[in-house]
Asks: 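Next up is a structure, given as structure tokens.
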Amino acid sequence: MRWTRPSLAVIAAALLTTSCSAGAGSTGHAGGAASKDTSPLTAALGTEKDSAGPAPAVPGARPGGTVNVYNSVEFRHLDPQKVYAGATYNASLLWGRQLTQYQVVDGKAKLVGDLATDTGTSTDEGRTWTYRLKEGVAWEDGKPITSEDVKYGIERTFGKGYEVGPPYWPQWLTGEPNYEAARAKYAGPQAGGLAAIETPDARTLVFHFPQPQADVPYMAAQSSSSPVRRDKDTGTEYDRLPFATGPYRIVEHVQNTRMVLERNPAWKAETDPIRNQYPDRFVFTYGKEALNGNQEILSGRDGGANATTASDELSPELYQVTDTDPKAGELVVSGRRGAFVSQLVINNERVPDVEVRRALNLAYPRQQARQVQGGSRTGELASTLSSPALLDWQKYDLNPARPEGDPEAAKAALAKAKQAPGTLSYAYRNTPDGQRVAQVLVDGFGKAGITVVPKPIDPKAFLDEVHRADSPYDLFEETSSVDWPTPSTLIPFSFDGRAGSDINSARYRNPEVDREIDRINRIGEPRAKAKELYALEQTVMKDLPVLPLAYPTVNQLRGSNVGGAFIHPIYGAVGLTWLYLKS
């Protein structure tokens, strides 16, 4: 069928009708614990009427006060073109806006126009997309947000240093399969304007793509689709203090210590269908151990009654408290971590023999690794690269293995390897949780004759360390997601052999898969494309580049005086823009 915008709306509404980057909690605005959800994510496309503000009111909400947010580790990036993590997407909704975004009501998400009047209009079989900005949208100093500001923000994604963010705009706008090739065609705003984006007036953007692109409305919700004003672009300093377009602005930021947000007087609720502006301030505190922060929230001391967490989860040491004390249990906010999958990543460049990877899969003590992280409450054991939350998801298990590990079967597989490994290094975040998992893996793999050497890494540096091109680590655990509720951003990006290690963290290389990615990317109809991508996923899994662990759930805490807490159904963390203080 020909690919047009109406088809996208119909398909999204029909296939994704029950509750990337994606997350799904079932608590809605009311807060409280959520049941484990295995249904597809809701991501229907809203209309122009849905895209008009203000956002639906949170029942019982009142304005005023300061919400405290405890994070043991500072966000990796705040520069919108560098943001590429669900918890940061979630928090940045407080100060940043995009062309489109997810409106959440009663735990269900609908994609609507944010800065734009709708989710976009497509012509030329999906090669041309047009967006019109709303009147009245403004920067924190009151100046209007223009189409040139949005264009400049997207042009920044081509620049050196911005490869840590999503690769879609550079690849889609140039038709190139990887970042380097895209940058060879256009090096960023310092090279002049990008002809593929037209701005015929201050409120209109027209995107021209060499190939049909079905998922532009979803990409337009990514942080990399945020505007940046050229005269406010402070380069690397912008990563500390981005200029605000959302309901709050950053007034203080001491990195790795504290960040303070206050109401943005230039934000207009009538233009924003997504966000609310209930608290006067948000104060983020970094560096506090997760267990200590959780204890303060449960006890209500030292501001804990008015606090929540943006990244840290409920500490396993406190499970007994929340399970046995009803009042403590009421403070747990739980839900599915959207379309995320936890996995043990294998550096395929350092472990190139598939028989060694097969032995690791057979020896992997999944059950024990999950148990020390909280048992079944942390999620269902996984066998696929993709999440059950996705459109037309297909369950399979090409590499059956005992959940507790099978040392003898692993030894037999290892005997077939051309070169058995001497030792394997396992990188982990140096936290109590990370230490427990590391010990489980050392013991479990050791029973199969595989020596694993644990390598603790400062949590703040973990992602940079394991993803750098010359990373010296063989194994590490990672929880990652597609960027919206379809499989189109899984294999084509995370397992494209032409992609860099910051995206293709397993360093997986298979020319046959790369050729299939190019073929499938030319399919414009989403359901047909999804079918082909699931088949390609199974081709990848025959090579065992990573070992699936779990389809995770998330358990976070909110203080007794915090209302409106629920797990964001796309970003998989407590939704901050809906919070209020009860008194």
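All figures in this text were calculated on a predicted structure; none of them were measured in a lab.
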Asks: Could you give me the CA-CA distance, side-chain angles and deciding distance for S387 and R336, then say whether side chain to side chain donor-acceptor pair (under 3.5 Å) is met?
Replies: CA-CA 11 Å; S387 163; R336 184 177 60 188; 5.7 Å; no

Asks: Do R132 and T204 have side-chain heavy atoms sitting under 4.5 Å apart?
Replies: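 A side-chain contact under 4.5 Å exists here.
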
Asks: Can you name the closest pair of heavy atoms from V372 and V437 and give their distance?
Replies: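 Closest approach of V372 to V437, heavy atoms only: CG2-CG2, 3.9 Å.
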
Asks: For the CD atom on E289, are there more than 12 heavy atoms of other groups (residues, nucleotides or ligands in this structure) within a distance under 6.0 Å?
Replies: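 Counting other residues, nucleotides and ligands, CD of E289 stays at 12 neighbours or fewer.
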
Asks: Using a 4.5 Å cut-off on heavy atoms from C-beta on, say whether the side chain of I570 contacts that of Y89.
Replies: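 SC-SC contact between Y89 and I570 ruled out.
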
Asks: Of all the heavy-atom pairs spanning Y278 and V58, show the shortest one and how long it is.
Replies: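 In this case the closest contact between Y278 and V58 is OH-N, 3.1 Å.
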
Asks: Please find the pair of heavy atoms, one from D215 and one from S488, that lie closest to each other, and give the distance.
Replies: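 So the two residues come closest at OD2-OG, 2.6 Å.
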
Asks: Say you draw a straight line from CG of N276 to CG of L576; how long is it, rounded to the nearest 0.5 Å?
Replies: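 One finds 12.0 Å between CG of N276 and CG of L576.
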
Asks: Less than 4.5 Å apart, any side-chain heavy atom of Y168 and any of S224?
Replies: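 Contact flag for Y168/S224 side chains = no.
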
Asks: Look at the side chain of T117 and the backbone N and O of K134, then say whether any donor-acceptor pair between them is shorter than 3.5 Å.
Replies: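 No, T117 side chain to K134 backbone: no donor-acceptor pair under 3.5 Å.
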
Asks: Heavy atoms, side chains only, cut-off 4.5 Å: are T245 and S226 in contact?
Replies: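 Counting from C-beta outward, T245 and S226 never come under 4.5 Å.
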
Asks: Nearest 0.5 Å, what's the CG-CD distance between L99 and Q222?
Replies: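 Separation between the atoms: 12.0 Å.
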
Asks: Kindly check if the number of other-residue, nucleotide or ligand heavy atoms within 6.0 Å of CD (E135) is above 12?
Replies: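 For E135, atom CD is not crowded (no more than 12 foreign heavy atoms under 6.0 Å).
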
Asks: Looking at residues at least two apart in the chain, or sitting in another chain, which of them share a side chain to side chain donor-acceptor pair (under 3.5 Å) with K460?
Replies: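 Only D458 meet the side chain to side chain donor-acceptor pair (under 3.5 Å) criterion with K460.
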
Asks: Any non-hydrogen side-chain atom of P548 less than 4.5 Å from a side-chain atom of T384?
Replies: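 Contact flag for P548/T384 side chains = no.
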
Asks: Distance only, no hydrogens: is a donor on one side chain within 3.5 Å (strictly under) of an acceptor on the other, for Y152 and D233?
Replies: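 A donor-acceptor contact under 3.5 Å links the two side chains.
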
Asks: Check whether any side-chain heavy atom of F284 lies under 4.5 Å from a side-chain heavy atom of R258, and answer yes or no.
Replies: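 F284 vs R258: side chains apart.
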
Asks: Indicate yes or no: at least one non-hydrogen side-chain atom of Y102 is less than 4.5 angstrom from one of I274.
Replies: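 No, every pair of side-chain atoms sits at 4.5 Å or beyond.
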
Asks: Tell me if a side-chain donor or acceptor on T146 pairs with a main-chain N or O of A202 at a distance below 3.5 Å.
Replies: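 It does not hold such a pair.
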
Asks: Looking at K268, I want to see if its NZ is surrounded by more than 12 non-hydrogen atoms of other residues, nucleotides or ligands under 6.0 Å.
Replies: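 No.
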
Asks: Got a sec, which residues hit ring pair (Phe, Tyr, Trp, His ring centres under 6.0 Å) with Y248, two or more places apart in sequence or on another chain?
Replies: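 Checked Y248 against ring pair (Phe, Tyr, Trp, His ring centres under 6.0 Å); matches are F282.
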
Asks: Counting N and O atoms only, with roles assigned by atom type, does the side chain of N264 sit under 3.5 Å from a partner on the main chain of G246, one being a donor and the other an acceptor?
Replies: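 Such a contact is found between N264 side chain and G246 backbone.
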
Asks: Quick one: which of H77, Q81, R76 gives a side-chain hydrogen bond (donor to acceptor under 3.5 Å, both in side chains) with D239?
Replies: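 Filter result, single survivor: H77.
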
Asks: Taking the side chain as every heavy atom from C-beta outward, state whether Q373 and R370 have any pair of such atoms under 4.5 Å apart.
Replies: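 No, side chains not in contact.
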
Asks: Does atom CD of Q320 have more than 12 heavy-atom neighbours from other groups under 6.0 Å away?
Replies: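 12 or below, so no.
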
Asks: Using a 3.5 Å distance criterion without hydrogens, assess whether the side chain of R275 forms a donor-acceptor pair with backbone atoms of G96.
Replies: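 Such a contact is found between R275 side chain and G96 backbone.
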
Asks: Check whether the side chains of S225 and Q98 place a donor and an acceptor atom closer than 3.5 Å, and report yes or no.
Replies: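 The answer is no; no qualifying pair exists.
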
